[in-house]
Every structure is written in structure tokens, then in C-alpha cells.
Amino acid sequence: MAEQGLVTTVSSGAGTATVVGWVGSFRDRVAGAHRLLDAFAGAGVVPRPPSGDYAAVLVYRERILLMRDESARIPLFFRQSDGRVSAVSTSARSLGDAEELERRYFCRYLTGNMAQPHTALTPFTGVRRVLGGEVVELSPTGRLHGRIRRPASASGGLPPAAAGDAGPGTAAKELRRALENAVSRRMGTTTACHVSGGLDSTSVALLAARTLTGEGSRHGGLVLLSGRFGSGELAAEQPYLKEAIQEIRRHAPEARPVIVDAGDVADFDDFRHHAGDADEPHAHAFRAPFWSRLHAAASERGCDILLTGCGADPIADTNPFHLHRLARTGRLRGLALQARAWAQGSERGVRDIVHDYVLKPALPLAAERIGMLASPGTVLGGLGAFSRPPWLRSGFARAHGYREAAIAESRFVFGRAPERSLYDAANYLAAPDLLSWHRAREDGYFLSHPFLDQEVIALMRGLPAEATFRPGRPKAVLREAMADLLPARIHHRTVKTPFDQLYVRGLQVHGDDLIGLCRCARHPLVQEMFDVETLCRAVREARLGVGDAYSWDRVNSSLTLVMWLEGLLSARP
């Protein structure tokens with residue numbers, strides 16, 4: 001990785017720092033590494049890790065520190081035995097023994113697609129994850145002294161005087177400033193921007209173009225990376241994509257559009273490779289064929305960073321769990337009025353709104369159990385994000401703590417204050433970072449998400465609901481923040497074509513192969529963990545359109561786990 005430019009190593013009189021990623025600004029990686037080394041140099045000093053996208057090992061005379069930034073984009077693991085750390089790596093697989101697997105991890109992984117990045121467990125016994133914002137202190141001989149993790153910072157929003165009467169105009173100005181800073185910090189020598197024609201990716205690319213051509217700019221080239229679908233429902237995105245690229249190039253004429261033909265891509269293409277070779281099982285491995293094609297194009301153009309619009313949906317949109325706060329503080333009249341407004345703006349029923357954003361966060365496991373009882377007759381009927389999927393054997397679940405894992409995961413997703421927990425959960429849900437990191441190590445560049453910048457998250461956390469709530473107008477603050485840059489057609493669009501077609505096509509093309517791979521799986525843990533025939537039935541139901549996004553995620557996670565375990569067998573000498 002050092003040869004690819006992904007690692008920065010600096011030394012001073014205080015010690016040595018090895019940083020994967022960057023501290024502060026991407027273009028000033030050496031200076032950022034020195035600042036990190038100096039910040040933790042004092043004996044017993046453990047400040048909050050500074051902003052950036054990094055994992056780092058700091059070696060001082062009297063101690064060693066392992067740490068990651070709060071966003072936790074870049075992984076870091078250590079192997080521990082008898083209280084002593086013997087090795088550190090960005091790959092859990094390189095530290096682990098495929099013969100000694102941690103079964104509790106698999107129960108935690110199967111509770112939902114956010115479970116693994118924010119928990120210390122890894123698939124391998126004795127290998128642990130450094131968590132986001134955590135500092136692990138070791139002695140010079142590797143003795144583990146402690147793990148310090150502070151909750152995510154809520155600072156950075158509007159000043160108290162302004163927050164009380166923050167209208168959309170004030171909020172928009174602050175969001176624009178925060179996003180400009182987030183994009184500027186991530187600009188590289190050659191920056192690629194994923195452009196889909198939607199509000200989010202177009203906003204990031206426009207800000208990158210403005211930064212590139214700004215007075216005194218030291219930033220290099222700009223590549224506009226897009227996938228083209230010539231037929232099907234995703235072909236409807238092409239006019240928006242064309243208009244977005246034209247507007248971006250109006251600000252930065254030297255920007256190079258790179259249109260990747262993705263018309264023949266389907267989810268689950270070459271699934272055994274994408275799921276089996278990963279460092280850990282990852283729920284989004286089914287979507288890897290599309291992303292890897294774009295990533296390869298960025299690598300061929302010599303890009304050292306790729307910016308996306310991932311994270312804007314939960315971060316920049318109105319926070320629906322504000323309704324939960326109204327309920328628990330007894331403001332029932334306000335709850336009723338806002339629930340009706342939500343229902344009208346989203347074309348849903350008031351009962352559905354109250355169920356999803358008030359009742360379910362209060363009693364998530366009970367709500368899912370009731371949902372499954374009310375939807376009998378199919379494997380996927382009523383299957384939510386935390387309840388045990390029917391194909392996971394009950395004996396395995398009891399023996400290795402599935403219920404405890406589900407409770408812990410539901411508390412993380414909703415917490416005591418779901419309107420705040422949303423931002424922590426979004427940090428892990430919005431971007432397929434295990435896949436992007438796998439590609440980064442292959443292609444030599446980073447993938448980064450300005451909407452998941454801590455300054456942006458802190459700002460949105462600090463805004464009152466009244467500043468963001470506009471029924472029927474999603475991401476109202478972002479639209480106003482970017483109004484002077486966005487083309488009118490993109491500024492006013494409220495619906496974007498989802499990638500459902502890729503998923504449907506993938507199951508139609510590969511469904512039989514997936515079922516066959518499950519039935520032929522050789523790893524003994526597959527049979528110990530799963531009722532394979534029930535899992536195969538779930539695949540057939542998903543191919544017929546039974547279920548919803550939650551239940552399909554559960555199928556995808558389990559299929560990925562099967563293929564990952566098979567990959568362990570294939571990798572044995």
C-alpha cells in the first residue's frame with residue numbers, strides 16, 4: 001500500500017506515525033501526519049482524534065497508540081492473546097486463522113447491514129477491530145493498557161443564538177459552507193467524482209469543480225465518472241446525467257467525463273469472487289459488479305481519490321425521528337400535526353408514519369415479531385432488520401447470542417434518542433466502505449463521502465426540525481444551499497430511479513446458481529448455521545418479488561456469508 005501512495009509515514013523527535021488515509025486535508029497528508037503525532041506526544045495525553053479519513057499507528061518511546069477517526073472509513077485491526085497485541089493490520093483476514101472462527105461475530109453480522117463496522121468483534125478468534133474515534137494504548141512490548149472511545153462529537157452546528165431561529169436560509173448557508181470545506185479537504189492530485197444525475201452527486205461534483213478553478217487553487221485534474229444504462233428504467237437517468245455533466249464542465253471546462261457502459265451489469269455477477277475474496281463478509285457484495293467497473297475506470301485515469309454523494313439521504317434530509325422526540329416529551333398535538341404533514345408529503349398513511357418513526361423505534365424487536373406474525377405463509381413475510389431470519393438455525397442463534405446481538409444492534413440504530421442515533425447509524429449504512437476499501441488496496445486510491453464529513457453531520461444534528469422540515473420537498477436545505485449552482489431540472493427533481501432493476505435482473509440471471517452454490521457449500525459452518533433449503537426458498541421468493549428491502553437485505557447478507565466462508569476454504573494451501 002505504501003507504494004500506491006495510500007500510506008504516509010513520518011518521524012520526529014517524539015516518535016513515528018504511520019497513517020493510512022489522511023488527517024485534516026488529503027493534499028497535506030505529511031503535515032497532517034505530523035500534527036497527529038504531535039497531538040498525542042505528551043505522556044498520558046489522549047485527546048479526541050482529529051478529523052479526517054484515516055487509521056493510524058503512533059509509536060512513541062513509552063507507548064504505542066492505535067486509532068481511527070470518528071467516521072471510521074478506513075479499517076484497523078489487531079491480534080491479541082493473553083493481554084498482549086502481536087500484530088496490527090488494515091486487514092482482519094491477514095491477522096486471523098481460518099480454522100478459528102468467532103461464531104458470535106456471525107450472529108452479530110446477521111442482525112443487520114450496519115452491525116459489523118461499529119463492533120469490536122471480527123470473524124477471527126483473537127482479532128479485534130479498532131472502533132471509530134477509539135484510541136487503543138499499548139506498552140512498547142505490546143501489552144494492552146486500555147481502549148478509550150468518546151461518543152461522536154455533536155459540536156459544529158449553528159451557534160446557540162442562531163440555532164433557535166434558524167430558518168432555511170441560515171441553515172442553507174451553513175450547509176453550503178460545511179460541504180465546501182468537506183469537498184476541499186478531499187480534493188487530490190486527480191480527483192474523480194461519481195456523477196449520477198441526482199441532487200447529491202451533482203452537488204458534490206459542482207463544489208469540486210468550483211474548488212478546482214478557485215483563485216489560488218492547488219488542486220489537479222477532475223474526472224466525472226458515470227455509469228450509462230442504454231435500456232430499462234435506469235436509462236431514464238441519462239438526460240439528467242447529461243445536464244449535470246454539462247453544468248459541471250461549464251464551471252471546470254477541463255473536467256474529463258468518463259462514461260462507463262453498465263448496460264450489461266447485473267447484481268450478483270461473479271458473486272463468488274466479489275463476496276468470497278473480501279476481508280470480511282459484507283452485505284453489499286451483491287452490488288460490487290457495478291461499483292468495481294466504475295472503480296477500475298477511475299484507477300485507469302490515475303485518480304487518487306473518488307468523491308461520491310453517499311450519505312445525503314439520511315444526513316441532509318429531514319430527520320423523521322423528530323416525531324419520536326415529540327411523542328416521548330408529551331407534545332402529542334405537535335406530533336399529530338407533523339405526522340399528517342409527513343403523510344401528505346410522502347404519500348403515506350398517518351398510521352404508517354407513526355408506526356415507523358414512533359412505535360418501531362420504541363419497541364423494535366416487538367414490532368418486528370408482530371410483523372412476522374401478521375405476514376404468515378412465506379419465508380420473507382414480515383422479516384425486518386433485527387428478527388432472526390427463519391433460515392438461521394435456532395440452536396446456533398441461542399448458543400452464540402443472536403438475541404443479545406439483535407438487542408444491541410436495535411439500540412445502536414435507534415438508541416434512547418432515535419433522532420440523534422440516525423446520524424451514527426447513517427455513517428455506517430450510507431456507503432459500501434468494505435467494498436471500496438477492498439478496491440482501494442487494488443487500485444491505489446481512496447473513495448470518500450463529503451456528506452459523511454463530521455462537520456456536515458454535526459451541523460445537521462444541531463439544526464432544529466423547523467429548519468429542515470418541508471413536506472413534499474426532500475432535502476430542502478441542500479436544495480437551497482446549492483440553488484445558484486444546480487441546473488433547474490436537477491434542482492427541482494424529487495424522485496430518482498432506484499437500482500431495483502439491477503437487483504431483479506441479478507436474481508433472475510443468477511438465482512439458480514446462487515441456490516446451487518448454497519446447496520454445494522463445503523464449509524462445515526454453513527450447515528451448522530443455516531437451514532440451507534429454507535435459505536434457498538427465500539432466494540426463490542425474492543426472485544418473485546416477495547418481501548421488501550429489509551428482508552432482501554437479510555437474504556443478501558446470508559448469501560454473502562456463505563460465499564465468504566467458501567472463499568476461506570478456497571484460500572487454504
Side-chain angles (χ1 to χ4, degrees), residues 168-169 171-183 186 191-211 222 224-229 233-252 255 257 259 294 306-320 345-347 422-423 426 429-432 447-453 455-457 459-460 463 467-500:
K173 291 178 183 177
E174 293 297 318
L175 179 57
R176 173 68 170 266
R177 176 190 55 78
L179 277 175
E180 287 175 341
N181 292 340
V183 169
R186 288 162 169 78
T191 301
C193 289
H194 177 232
V195 183
S196 66
L199 172 67
D200 313 330
S201 64
T202 305
S203 295
V204 169
L206 282 167
L207 292 177
R210 296 261 293 189
T211 302
L222 183 65
L224 307 178
L225 191 62
S226 304
R228 177 174 58 207
F229 296 87
E233 60 185 2
L234 285 169
E237 293 295 308
Q238 294 309 303
Y240 296 100
L241 173 60
K242 182 179 180 180
E243 189 165 345
I245 289 178
Q246 287 177 343
E247 185 64 21
I248 296 164
R249 297 195 72 198
R250 190 175 68 81
H251 292 276
I259 310 299
L294 293 184
L306 192 162
L307 304 184
T308 82
C310 289
D313 285 343
I315 300 301
D317 209 349
T318 305
N319 189 333
S346 59
E347 298 183 353
L422 170 74
Y423 298 107
L429 178 64
L447 188 147
S448 191
H449 322 290
F451 281 103
L452 294 175
D453 186 273
E455 181 183 357
V456 177
I457 294 176
L459 170 70
M460 297 308 295
L463 291 178
T468 60
F469 183 49
R470 295 293 180 272
R473 194 165 184 255
K475 303 174 192 172
V477 176
L478 176 61
R479 291 176 195 278
E480 182 163 353
M482 298 297 299
D484 62 320
L485 295 181
L486 286 168
R489 189 173 190 176
I490 295 175
H491 180 267
H492 296 302
R493 75 180 303 198
T494 57
V495 177
K496 193 170 182 293
T497 306
F499 277 65
D500 293 349

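Everything numeric in this text was worked out from a predicted model, so none of it was measured.
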Is there a donor-acceptor contact under 3.5 Å from the side chain of [X] to the main chain of [Y]?
{"X": "S226", "Y": "V195", "result": "yes"}
{"X": "R493", "Y": "G197", "result": "yes"}
{"X": "E237", "Y": "T497", "result": "yes"}
{"X": "T318", "Y": "T468", "result": "yes"}

### Task
Let me see the working for D200 and K475 under side-chain contact (heavy atoms from CB on, under 4.5 Å), right down to the final yes or no.
CA-CA 9 Å; D200 313 330; K475 303 174 192 172; 2.8 Å; yes
Which atom names give the shortest non-hydrogen contact between [X] and [Y], and what distance separates them?
{"X": "E243", "Y": "A488", "value": "OE2-N, 4.5 Å"}
{"X": "V204", "Y": "P450", "value": "CG1-CG, 4.0 Å"}
{"X": "C310", "Y": "L452", "value": "O-CG, 4.1 Å"}
{"X": "F451", "Y": "A316", "value": "CE2-CB, 4.2 Å"}

Once you round to the nearest 0.5 Å, how far does [atom1] of [X] lie from [atom2] of [Y]?
{"X": "S201", "Y": "L225", "atom1": "OG", "atom2": "CG", "value": "10.5 Å"}
{"X": "R249", "Y": "L222", "atom1": "CZ", "atom2": "CG", "value": "10.0 Å"}
{"X": "Q238", "Y": "K242", "atom1": "CD", "atom2": "NZ", "value": "10.5 Å"}
{"X": "I248", "Y": "L224", "atom1": "CD1", "atom2": "CG", "value": "5.0 Å"}
{"X": "L206", "Y": "H251", "atom1": "CG", "atom2": "NE2", "value": "5.5 Å"}
{"X": "L199", "Y": "Y240", "atom1": "CG", "atom2": "OH", "value": "12.0 Å"}

### Message
Set out, in order, the CA-CA distance, both residues' side-chain angles and the distance that settles side-chain contact (heavy atoms from CB on, under 4.5 Å) for L463 and E174, then state yes or no.
### Response
CA-CA 10 Å; L463 291 178; E174 293 297 318; over 6 Å; no
### Task
Could you tell me which residues satisfy side chain to side chain contact (heavy atoms under 4.5 Å, CB included) with N319, sequence neighbours excluded, listed by chain and number?
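N319 satisfies side chain to side chain contact (heavy atoms under 4.5 Å, CB included) with F321, E419, L422, Y423 only.
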### Residue list, side chain to side chain contact (heavy atoms under 4.5 Å, CB included) with A178, at least two apart or on another chain
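Scan of A178 (side chain to side chain contact (heavy atoms under 4.5 Å, CB included), adjacent residues dropped) gives E455, V456, L459.
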#### Entry: Contacts of R473 that satisfy salt bridge (charged side-chain N to carboxylate O under 4.0 Å, His left out) - sequence neighbours left out
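Salt bridge (charged side-chain N to carboxylate O under 4.0 Å, His left out) list for R473, sorted by chain: empty.
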### Query
D453: what forms a salt bridge (charged side-chain N to carboxylate O under 4.0 Å, His left out) with it, not counting sequence neighbours?
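In terms of salt bridge (charged side-chain N to carboxylate O under 4.0 Å, His left out), with neighbours along the sequence ignored, D453 is linked to R185, R186.
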### Query
Does the distance from a Lys or Arg side-chain N to an Asp or Glu carboxylate O, for R177 and E180, drop under 4.0 Å?
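Judged by the 4.0 Å cut-off on N to carboxylate O distance, R177 and E180 do not form a salt bridge.
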### Task
Not counting sequence neighbours, list each pair that qualifies as a side-chain hydrogen bond (donor to acceptor under 3.5 Å, both in side chains) and has a residue in residues 483-492.
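Checked against side-chain hydrogen bond (donor to acceptor under 3.5 Å, both in side chains) - neighbours excluded - the pairs reaching residues 483-492 are R176-D484.
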### Task
Answer with yes or no whether the side chains of H194 and T308 bring together a donor and an acceptor at under 3.5 Å.
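H194 and T308 do not have a side-chain donor-acceptor pair below 3.5 Å.
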### Query
Between L306 and L294, is a side-chain contact (heavy atoms from CB on, under 4.5 Å) present by the stated rule, with each step listed?
CA-CA 10 Å; L306 192 162; L294 293 184; 5.6 Å; no
### Query
Residues two or more places apart in sequence or in another chain: which of them pass side-chain hydrogen bond (donor to acceptor under 3.5 Å, both in side chains) with K496?
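With sequence neighbours excluded, K496 shows a side-chain hydrogen bond (donor to acceptor under 3.5 Å, both in side chains) to S196, given in chain and number order.
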### Message
Any heavy-atom pair between the side chains of T202 and M482 that's under 4.5 Å?
### Response
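No; the side chains remain at least 4.5 Å from each other.
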### Task
Find out whether D500 and E233 are in side-chain contact, i.e. whether some heavy atom of one side chain is under 4.5 Å from a heavy atom of the other.
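Contact flag for D500/E233 side chains = yes.
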